[in-house]
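One structure below.
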Amino acid sequence: MSLRVYNTMSGKKEEFKPLVPGKVGMYVCGVTVYDYCHIGHARANIVFDIIFRYLQFSGYETTYVRNYTDVDDKIINRANERKISSQDLAEEFIQAFDEDMEALGLIKPTHQPRATEYIQQIIDINQKLIDKGMAYASGGDVYYSVDKFSDYLKLSKRNMDEMVSGARVAPGEQKHNPMDFALWKAAKEGEPSWESPWGAGRPGWHIECSAMSSSLLGDSFDIHGGGRDLIFPHHENEIAQSEGASGKPFVKYWMHNGFVNVDKEKMSKSLGNFFTIRDILKNYDAEVVRFFILSAHYRSPIDFSDHNLSEAQSGLRRFYEALEASTNAIEGLDSTGHSSQEGEKLEEKFREAMDDDFNTALAIAHLFDGVRNMNRLIATKKFKKKLDLVAQVQDLHATILRLGSVLGLYRSQPTEWLDKVKLKGLKKLDITQEEIEALIDQRLQARAEKNFSRGDEIRVELEGKGILLLDTREGTTWRLK
RNA sequence: GGCCCCGUCGCCAAGUGGUAAGGCAGAGGUCUGCAACACCUUUAUCAGCAGUUCGAAUCUGCUCGGGGCCUCCA
């Protein structure tokens, strides 16, 4: 079974065959750096993070480019509001972005170019398009003539006539056709600008991605990704620019992730229903956020809510509890002399799921099966003496960790993770760790005196406050209800 | 108005022609002084209607409901 990916261009799943066998070039539209990232950005970046990881896991030598758009109207406006320079604003939010991605446990792309580092390439594309008659300079601006590109709207599958009727020309724009879009904008007073054959100016939106992708991946490459909302106009315009300039096919597979919704509605700034990554991480562990996002298929919409995050946390906790139990169960038992096929079987299912357009939800379901399997083995009587079973648990344990890392999961020490999440949850309750431990001591005392009714009282009291006591051979511990 | 997506167990969520994965929550059981964890058992015919087919959650049509893009947006 080989990798199949859903291509927005064809609207179907296609067998994945890179341009150069064994190698993949992937470009993902990053952020415009003028504000903090929200959970929608988190989803897009996590989705392509695991696509990157899985391509590498599958043996592809992958070059992953994710840009920063650091020159743009929104940046200029925001910088003016704050009375700082665009560069300082961009710098501030590039740093914030990097911190957020690091916190979410993303691995770094191969290249993270900035639009302002590619001004010359942007100018070159403009010139090439003008030379070919596909773009025109007009009053210091440069516009793309969409009617010169017959494939325009092939990605978003829209109808030009109807688009035109709804298109508007902003005041000051000098377009021949309302659907034309700016490749280069003449600088206004106080805006960042660069010298060009058309006077001082700055790039339009879209063109920077054409410049950075061709510079780092070539005129044609394998995968181009981003959120669904980028299909039109951003990606459509990129195609027009890049194919118009190079005369070659731009991208082989277009991949778009679904939205994050809040109460079934798209999250957006205008609705005011967005959550920043930073705020979410105050209440939930980063891995919980990742687990939540990967528990649905990347193209489906997901509903962000406290309830859903909590469920994700419960699910992840199951993994960590199993990992903790298996770590303890196989501790000190090295080579058993027995072989096991359990890991191999699990990996096969995992690959099958991931090969089917990165079906992380199914892949995780298989890992859950692995967990149950492992727990069942450990619960066997005289487990440690049955070396064939020990071998299977060792195999499953290692495989779950290895496959989990392809999803960026289970990277923490189980006990540490469980404690961390527990203490984070405790903050919401009306009791402290010290109080719990004091009560545990009292209960221990009572039980030592065979005063079970007092012991049960304490259990019930703590349960009322959201704390469950666990009696084990090593003593009594607690967890959140 | 144009284009597009979705509606699967209480909740989350896979499954795109061959007879419904998984998780959370619930019930019963084993274990436990009592519990918890873990394990075992158990819970759906897929919004509705009409078709195509030997066979459909999966294809077609219609209806109802929800959402997205068409202006900046992951």
Side-chain angles (χ1 to χ4, degrees), chain A residues 8 11-13 28-32 34-35 37-48 72-74 77 153 156-159 161-163 165-168 170 205 225-234 256-261 263-270 274 291-292 295-297 299-303 305 307-319 321-322 324-325 349 353 356 359-369 371-381 447 450 452-453 455-456 459-460 462-463 467-472 476-479 481:
Chain A
T8 306
K12 289 191 267 239
K13 282 183 198 170
V28 174
C29 290
V31 285
T32 299
Y34 73 104
D35 205 345
C37 288
H38 53 63
I39 180 76
H41 296 109
R43 184 181 195 189
N45 284 286
I46 286 171
V47 162
F48 287 100
D72 164 89
D73 290 351
K74 290 191 290 294
N77 292 340
L153 304 181
S156 55
K157 296 161 185 64
R158 290 166 199 279
N159 178 298
D161 296 335
E162 277 155 11
M163 297 285 302
S165 64
R168 282 170 296 184
W205 184 38
R228 291 189 73 85
D229 47 354
L230 295 179
I231 294 173
F232 185 88
H234 188 56
H256 298 277
N257 65 274
F259 289 128
V260 176
N261 295 155
D263 294 330
K264 310 277 182 193
E265 259 186 339
K266 178 191 170 183
M267 187 174 70
S268 78
K269 299 209 168 176
S270 53
F274 65 94
F291 191 83
F292 164 66
S295 66
H297 187 88
R299 281 187 283 118
S300 309
I302 49 173
D303 211 43
S305 69
H307 174 255
N308 289 348
L309 263 291
S310 295
E311 279 201 353
Q313 180 161 298
S314 298
L316 225 207
R317 186 170 63 195
R318 179 168 163 82
F319 276 100
E321 283 177 346
E324 183 180 48
K349 285 185 173 176
D356 187 13
N359 193 336
T360 52
L362 223 206
I364 287 173
H366 291 320
L367 294 179
F368 268 119
D369 286 337
V371 161
R372 197 200 306 119
N373 210 205
M374 197 163 68
N375 282 334
R376 188 187 293 143
L377 290 166
I378 294 170
T380 309
K381 284 201 170 99
R447 293 173 78 211
K450 302 275 185 228
F452 291 120
S453 62
D456 288 351
R459 175 189 291 291
V460 171
L462 281 171
E463 203 170 324
I467 303 297
L468 289 177
L469 294 181
L470 285 67
D471 295 326
T472 68
T476 300
T477 58
W478 60 275
R479 53 164 280 191
K481 201 172 174 181

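Chain letters run A, B, ... following the sequence lines, proteins first and then strands; every chain starts at 1. Bear in mind the structure is a predicted one, so any value in this text is a computation, not a measurement.
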Checking salt bridge (charged side-chain N to carboxylate O under 4.0 Å, His left out) for the pair A/Asp356/A/Lys13: CA distance, chi angles, key distance, verdict?
-> CA-CA 8 Å; A/Asp356 187 13; A/Lys13 282 183 198 170; 3.0 Å; yes

Taking all atoms of both residues into account, what is the closest heavy-atom pair of A/Gly40 and A/Met267, and its distance?
-> N-CE, 3.5 Å

Of the candidate nucleotides B/U16, B/G33, B/C40, which contains the atom at the shortest distance from the side chain of A/Phe452?
-> B/G33

In whole angstrom, what separates A/His366's NE2 from B/G15's P?
-> 11 Å

About how many Å separate CZ of A/Phe48 and CZ of A/Arg43, when rounded to the nearest 0.5 Å?
-> 10.5 Å

Would A/Asp72 and A/Thr32 count as a side chain to side chain donor-acceptor pair (under 3.5 Å) if you check the C-alpha gap in whole Å, the side-chain angles of each, and the deciding distance to 0.1 Å?
-> CA-CA 8 Å; A/Asp72 164 89; A/Thr32 299; 4.8 Å; no

Starting from P on B/C70, measure out to CG on A/Leu230 and report it in whole angstrom.
-> 10 Å

Rounded distance (Å) that lies between atom C1' of B/G68 and atom CG of A/Asn257 = 13 Å

Any N or O donor-acceptor pair linking the side chain of A/Asp456 to the base of B/G33 at under 3.5 Å?
-> yes

With A/His297, which residues qualify under ring pair (Phe, Tyr, Trp, His ring centres under 6.0 Å), at least two apart?
-> none

Do the numbers put A/Arg158 on top of the ring of A/Phe232, so that NZ or CZ is under 6.0 Å from the six-membered ring centre and no more than 45° off the axis?
-> yes

Could you check how far CG of A/Leu377 sits from P of B/C40, rounded to whole Å?
-> 11 Å

From B/C12, B/C72, B/C4, pick the nucleotide closest to the side chain of A/Arg228?
-> B/C4

Check every strand shown and say whether A/His38 touches a base, only sugar-phosphate, or nothing at a heavy-atom separation below 4.0 Å.
-> base

Rounded to the nearest Å, what distance is computed from the CG atom of residue A/Leu153 to the P atom of nucleotide B/G2?
-> 17 Å

For B/C69, does OP1 or OP2 lie under 4.0 Å from any side-chain N or O of A/Lys266?
-> yes

Which of these nucleotides, B/A74, B/G22, B/C12, is closest to any side-chain atom of A/Ala365?
-> B/G22

Kindly assign one of parallel, tilted or perpendicular to the pair A/Phe368 and A/Phe319, based on the angle between their ring planes and the thresholds 30° and 60°.
-> tilted

How far, in whole Å, is B/C46 from B/C11 if one measures between their P atoms?
-> 16 Å

Hits for salt bridge (Lys or Arg N to Asp or Glu O under 4.0 Å) against A/Asp229, two or more places apart or cross-chain, chain-then-number order -> none

Taking for A/Gly40 and for A/Arg376 the nucleotide of RNA chain B with the nearest heavy atom, the one nearer the 5' end belongs to A/Arg376

Report the distance from atom OG of A/Ser314 to atom CG of A/Leu309, rounding to the nearest 0.5 Å.
-> 11.0 Å

Of B/C69, B/G22, B/C24, the nucleotide closest to the side chain of A/Arg158 is B/C69

Can you tell me how far C1' of B/C11 sits from CD of A/Gln313, to the nearest Å?
-> 17 Å

Using Watson-Crick or G-U wobble geometry with both distances below 3.5 Å, tell me the partner of B/C3, or none.
-> B/G68

Short N/O separations, protein against nucleotides 35-37 of chain B, under 3.5 angstrom:
from	atom 1	to	atom 2	distance (Å)
B/A35	N6	A/Asp471	O	3.4
B/A35	N1	A/Asp471	N	2.9
B/A35	N3	A/Arg459	NH1	3.1
B/A35	N3	A/Arg459	NH2	2.9
B/A35	N3	A/Leu469	O	3.4

What interatomic distance, in whole Å, is found between P of B/A57 and the corresponding atom of B/U19?
-> 11 Å

Please give the nucleotide sitting opposite B/A50 as a Watson-Crick or G-U wobble pair, both distances under 3.5 Å, or none.
-> B/U60

Which part of the nucleic acid, if any, lies within contact of A/His297, taking any heavy atom under 4.0 Å across all strands shown: a base, the sugar-phosphate backbone alone, or nothing?
-> sugar-phosphate

Look through every strand shown and name the nucleotide pairing with B/A38 as Watson-Crick or G-U wobble, where both distances are under 3.5 Å.
-> B/U30

Could you give the distance separating B/G17 and B/C24 at their C1' atoms, to the nearest angstrom?
-> 31 Å

Roughly, in whole Å, what's the span from NZ in A/Lys450 to C1' in B/G33?
-> 8 Å

N/O (side chain, A/Arg317) to phosphate O (OP1/OP2, B/C24) under 4.0 Å = no

Between B/C39 and B/G55 - C1' atom distance, rounded Å | 38 Å

Among the candidates B/G23, B/A74, B/A14, find the nucleotide nearest to the side-chain atoms of A/Ala361.
-> B/A14

How far, in whole Å, is B/C54 from B/A38 if one measures between their C1' atoms?
-> 46 Å

Proximity to the side chain of A/Phe259 - top-ranked nucleotide from B/C11, B/A38, B/A74 = B/A74

Mind checking the P distance from B/U60 to B/C4? Whole angstroms is fine.
-> 13 Å

Identify the heavy atoms of A/Ile467 and A/Trp478 that sit nearest to each other, and give their distance.
-> CG2-CB, 3.8 Å

On RNA chain B, check which nucleotide each of A/Asn45 and A/Arg447 is closest to and give me the residue with the more 5' one.
-> A/Arg447

To the nearest angstrom, the NZ-P distance between A/Lys13 and B/U58 comes to 16 Å

Given B/A14, B/C69, B/C39, the nucleotide with the shortest approach to the side chain of A/Ser300 | B/A14

Looking for any heavy atom pair under 4.0 Å, which part of the strands does A/Asn375 touch: base, sugar-phosphate only, or nothing?
-> sugar-phosphate

Using the C1' atom as the reference point in each nucleotide, state the distance between B/G22 and B/A44 in Å, no decimals.
-> 15 Å

Could you give the distance separating B/U52 and B/U58 at their C1' atoms, to the nearest angstrom?
-> 14 Å

Look at the side chain of A/Met267 and decide which nucleotide, out of B/G22, B/A74, B/A14, has an atom nearest to it.
-> B/A74

Select base, sugar-phosphate, or nothing to describe what A/Gly11 touches, counting heavy atoms under 4.0 Å on all strands.
-> nothing

Looking only at side-chain atoms of A/Asn359, point me to the closest of B/A14, B/G33, B/A74.
-> B/A14

Are any of the side-chain nitrogens in A/Lys74 or A/Asp35 under 4.0 Å away from the carboxylate oxygens of its partner?
-> no

Touch check for A/Val28, heavy atoms < 4.0 angstrom, all strands: base, sugar-phosphate only, or nothing?
-> nothing

